[in-house]
Every structure is written in structure tokens, then in C-alpha cells.
Amino acid sequence: VDDLQRLLDIEAIKRVKARYFRFIDEKSFDEYIKLFTDDAVLKFDLAAPSAAPRKRETLTRNGKKEIAEQWQARDPDMKTVHHVHAPEIDILSDTEAKGIWAMEDIVEYPDSIIHGYGHYRETYRKVDGEWLIADLHLTRLRVSQFVKDHANL
Amino acid sequence: VDDLQRLLDIEAIKRVKARYFRFIDEKSFDEYIKLFTDDAVLKFDLAAPSAAPRKRETLTRNGKKEIAEQWQARDPDMKTVHHVHAPEIDILSDTEAKGIWAMEDIVEYPDSIIHGYGHYRETYRKVDGEWLIADLHLTRLRVSQFVKDHANL
Amino acid sequence: VDDLQRLLDIEAIKRVKARYFRFIDEKSFDEYIKLFTDDAVLKFDLAAPSAAPRKRETLTRNGKKEIAEQWQARDPDMKTVHHVHAPEIDILSDTEAKGIWAMEDIVEYPDSIIHGYGHYRETYRKVDGEWLIADLHLTRLRVSQFVKDHANL
């Protein structure tokens, strides 16, 4: 891959991840589901390695059908905020890439808030000219649960 | 716009937004006001769509004069932190572009903290070789008010 | 520096900073220490300019040996999260650059949390084809201490 193409690919992949989170937080499922390869595998660690073993579950979703089911199982009124930072993207070939992102997420339930931090490690595949997420693994630095103590404006 | 120019424009626009927030938080009005076109229109939603209707005001500033008035109306001792993430920038022509950014802001008042999250949707115009903000609209995912419960170091 | 090389250098420097924080939070000292020039100088303001003078200390580390000592003095069980945002990178020559980053950090102690916000101003030097951090200065917008009121998952 030449230097200019590599920069274009990096920018395109940054954008895939930006849209991934925007679609989650704005609840645009029809756009969200288009970001994955058909065989995409998503793994989400629910707690940090320092957490008690019983809390250290990893959720796995195999393929677009399970990704869609995960979406549909969420409370549609739940408010979420996801931010990603500081990408490290490697273009491996014309159609393969990998990346690492720092992340923060907030999930607001009626009485509590889960506030998490961690990293995504991902691979991407270019299919019909578009970069898609082929797999991702979210690891956790810290996941905290707060009793809700604020007023929502 | 050719590919290299497009990447240069994207990087330049990312930088405009980085400076927009740095100047707000570092309180550099003279630099801040230079980032806008003369006819810039800024719209700030104060609450999320899920908030009570009476809270869902949108502040609008039409043109540089009103932007300057908004700045001057702020408490000069107020501490603010603004972060932006995950830009999606589209270069539309040699002199026009649009972008979406995820955002987080913290405004500290003497007894309370407002902590907000949302997205900016913006357009940019190149004037005399410099990208400027022509309009922006801040929408909100979540805006929370906390009683101040911390010590400032 | 031509335009393409400038963009490549900017992307490479963004990546140095991404790795700088990932290695801190993932506690990868062997990788972390390679990111600096031998004579790197790091300055960390511990509080905002608005803080009481007795709190406004600046920690300074001169050279790789002191940077390594600072690392080793930390509690190895301490959980940290560092995020950086909105880079403004200037390539000054083939081997010199400077940058500004917005930042947020969280340090979790057994009974309290320090949550800070500020900016890094840095210079970089290219040595044997790799961009390294030559000096940095962290200034603070806001540093708050919270009593720990959450459960860790």
C-alpha cells in the first residue's frame, strides 16, 4: 500500500469507528449493522482483569445475526454515551487492517450509572471498497457502578 | 478535490475544532473569534430530546457580534472543560466542508457541575485560505447536574 | 517538508501519544520508556493556575533515568485512565515537531479518585526514523478529588 493510500485508509477506518459509536448512541440500528462483515465477531469484557473472577464475563457475538439480536435485547430508553480516542491503525494490505482505540462508555439505568474505560483491539476488512469491522475485543481498565445522584436536564 | 488535498483539508478542519475548544477553556477570546465566518450561526441545544419540553431550549447566535456577546456574558471565573472526539469530516468542494463530532463538556459553577454529552454537526467554509466555522448545531445525548461533592486541587 | 510527508509525520506523532498513554494505563514500562529521547524533560503541573499556591507544584523529570524512577515509584496496583483529544501538530522540519493535546486523567487510590483535565504542550524529535517525545509540559484546567463512592465491577 503506498503512503497516500495508507493515509486514506487510516482516515476511512477512523470514520468507521466514529460512526460505530454515533449509531449506538443515536440508536440508528439500520446504519450500525452495515458497519460489520457478515462473519464479524465481537467480544466485550464486562470487567477489568483486577475484578473478582465471577464478574469477569466476556460477551461474544458471532456474526451479524447475533449482533442484531444483542441490539434488540437492549432497553430502547437506555441512554448511552461512547467515546473513542487515540487510534493506532495499521494497514496490513489492500484489504486488511488492525487498530487499537482507547474508550470510555456510560450507560444510564433508572437508578444507577455504569461508567467504564478500556481499549478496543479490532481488525478491519475492505469489502466492495468499504472498510468494515471484522472483529473486535473490548478489554477493560476500570468499570465502576454509581448510584444515580444527579438530575437530568 | 484530489485525495492529498482532501486529507490536508480534513487535518486543517480537525485543528480548527481543536482550537475552538482550547480557546474556550483557556479563555483566549481574541483567538476564538477568528475561527468563525462573519455570518456564522451557532445553535446549542441545552438538553437531550428526552428531557422535559420546558428544558429543551436551543440557544442561537447569529453572526460574530452575537458570538462575542455570548462570550462576554459568561462568568470569567467559571471553569470549563470541552472535549471532542471521533470526527467525521466531508470535504464537499475546494471551499466547503461539513463535519460531525462527539463531544463532552463540563461547566463548574460554585455549587454545582453541569456535565453534558452530545454531537456537533457543523459546516466549514474556506476564506482567504483558512477553514472557518460557518455554522454548528450541538445536539445532546445527556446533560446531568451534580451537586458539587469534590475538593478542587 | 512536503505535504504528504507532513501528513505521515502528523499521523506518526499522534500514534506516539496514543501509545504513551496506552503503555501507562496497561503498565507496559518496557514499551513506554522507548518513546522518549535520552534527554527528554517532562513537566507535570499538579493543579490549575486558580488553585491555592501551595498546591501548584510542578513535577519535573530530566532524562530517561528520572522518567524510569518516576514509573517505579508508582503503586503497581493503582488504576489509571488517560485520554487525549484534539491534537494540534506542527511539523517544524524533517526531525522537529511540536504539538498540543487536550487531556483527561483518572487516578484511583483505595479511598479516593483524582480526576484531572488539562493540556499537553510537547516537542518531538525524529531519531533514527522514529518520532520521540523530547519534552512535554502538562498544564491543568481543573483537578478534582472525590471520595470513592462507587463499586468497581
Side-chain angles (χ1 to χ4, degrees), chain B residues 1-28 31 35 75-87 89 99 101-110 112-115 117 120 131 146-153, chain C residues 1-11 13-14 18 44-57 82-91 99-107 109 112-121 139-150:
Chain B
V1 182
D2 76 21
D3 283 339
L4 178 58
Q5 187 58 47
R6 188 158 65 84
L7 289 173
L8 291 165
D9 286 339
I10 288 172
E11 182 62 25
I13 287 168
K14 288 179 180 176
R15 211 175 150 120
V16 168
K17 194 66 180 172
R19 299 174 83 217
Y20 170 88
F21 279 125
R22 183 162 60 82
F23 296 150
I24 290 177
D25 291 340
E26 297 193 331
K27 302 182 182 179
S28 304
E31 300 289 333
L35 300 175
D75 175 354
D77 292 331
M78 190 170 69
K79 281 188 214 170
T80 65
V81 177
H82 292 82
H83 286 163
V84 276
H85 316 295
I89 310 289
W101 295 82
M103 67 83 66
E104 173 177 4
D105 62 348
I106 300 173
V107 180
E108 183 175 338
Y109 296 97
S112 68
I113 309 286
I114 305 287
H115 202 143
Y117 301 90
Y120 283 92
W131 286 102
F146 294 85
V147 174
K148 193 165 160 180
D149 65 350
H150 64 271
N152 282 318
L153 299 192
Chain C
V1 183
D2 76 19
D3 283 339
L4 178 58
Q5 187 58 46
R6 188 159 64 85
L7 289 172
L8 291 165
D9 286 339
I10 288 172
E11 182 62 25
I13 287 168
K14 288 178 180 176
F44 304 97
D45 288 5
L46 298 189
S50 59
R54 67 181 170 82
K55 293 178 174 172
R56 282 193 276 119
E57 198 184 344
H82 291 83
H83 287 162
V84 276
H85 316 295
E88 304 167 54
I89 311 289
D90 284 303
I91 306 302
I100 306 176
W101 296 82
M103 67 82 66
E104 173 177 2
D105 62 348
I106 299 173
V107 180
Y109 297 96
S112 70
I113 309 287
I114 304 287
H115 201 143
Y117 301 90
H119 292 94
Y120 283 93
R121 281 171 170 80
T139 57
R140 296 296 200 164
L141 290 170
R142 187 167 174 266
V143 184
S144 301
Q145 183 168 24
F146 294 85
V147 173
K148 194 164 159 178
D149 65 349
H150 65 270

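Since we're looking at a predicted model, the values are computed, not measured.
Heavy atoms of C:Ser112 lying under 4.5 Å from chain B are absent altogether. Heavy atoms of C:Pro49 lying under 4.5 Å from chain B are absent altogether. With a 4.5 angstrom heavy-atom cutoff, B:Lys79 touches chain C only via side-chain atoms. Both the backbone and the side chain of C:Asp90 come within less than 4.5 Å of a heavy atom of chain B.
With rounding to the nearest 0.5 angstrom, the CZ atom of B:Arg19 is 13.0 Å from the CD1 atom of B:Ile24. Atom CZ in B:Phe21 sits 3.5 Å away from atom OH in B:Tyr120 (nearest 0.5 Å).
Shortest non-hydrogen contact noted between B:Phe23 and B:Leu35 is CD1-CD1, 3.8 Å. Across every non-hydrogen atom of C:Pro87 and B:Ala18, the tightest pair is O-CB, 4.3 Å.
Annotation: side chain of C:Met103 is in contact with side chain of C:Arg140 (closest heavy-atom distance under 4.5 Å).
Aromatic ring pairs are classed by plane angle as parallel below 30°, tilted from 30° to 60° and perpendicular above 60°; the pair C:His85 and B:His83 is tilted.
For the set C:Ser144, C:Ala47, C:Ser50, the count of heavy-atom pairs under 4.5 angstrom toward chain B peaks at C:Ser144. Note on C:Leu46, C:Val147, C:Ile100: by heavy-atom pairs under 4.5 Å with chain B, the leading option is C:Ile100. Contact tally against chain B (heavy-atom pairs below 4.5 Å) for C:Arg56, C:His115, C:Glu104, C:Glu88: the top residue is C:Glu88. Options C:Ile113, C:Ile114, C:Thr139, C:Leu141 differ in how many heavy-atom pairs under 4.5 Å they form with chain B, and the most are formed by C:Leu141.
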request  = Apply side-chain contact (heavy atoms from CB on, under 4.5 Å) to B:Lys14 and B:Trp131, showing your working.
outcome  = CA-CA 10 Å; B:Lys14 288 179 180 176; B:Trp131 286 102; over 6 Å; no

inquiry  = Using side-chain contact (heavy atoms from CB on, under 4.5 Å), reason through B:His82 and C:Tyr117 one step at a time and then give a plain yes or no.
reply    = CA-CA 9 Å; B:His82 292 82; C:Tyr117 301 90; over 6 Å; no

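Of residues 3-10 of chain B, those residues with a non-hydrogen atom less than 4.5 Å from any non-hydrogen atom of chain C are, in numerical order, B:Leu4, B:Leu7, B:Leu8.
Electrostatic pairing of B:Asp25 and C:Arg142 does not count as a salt bridge here, judged by no charged N lying under 4.0 Å from a carboxylate O.
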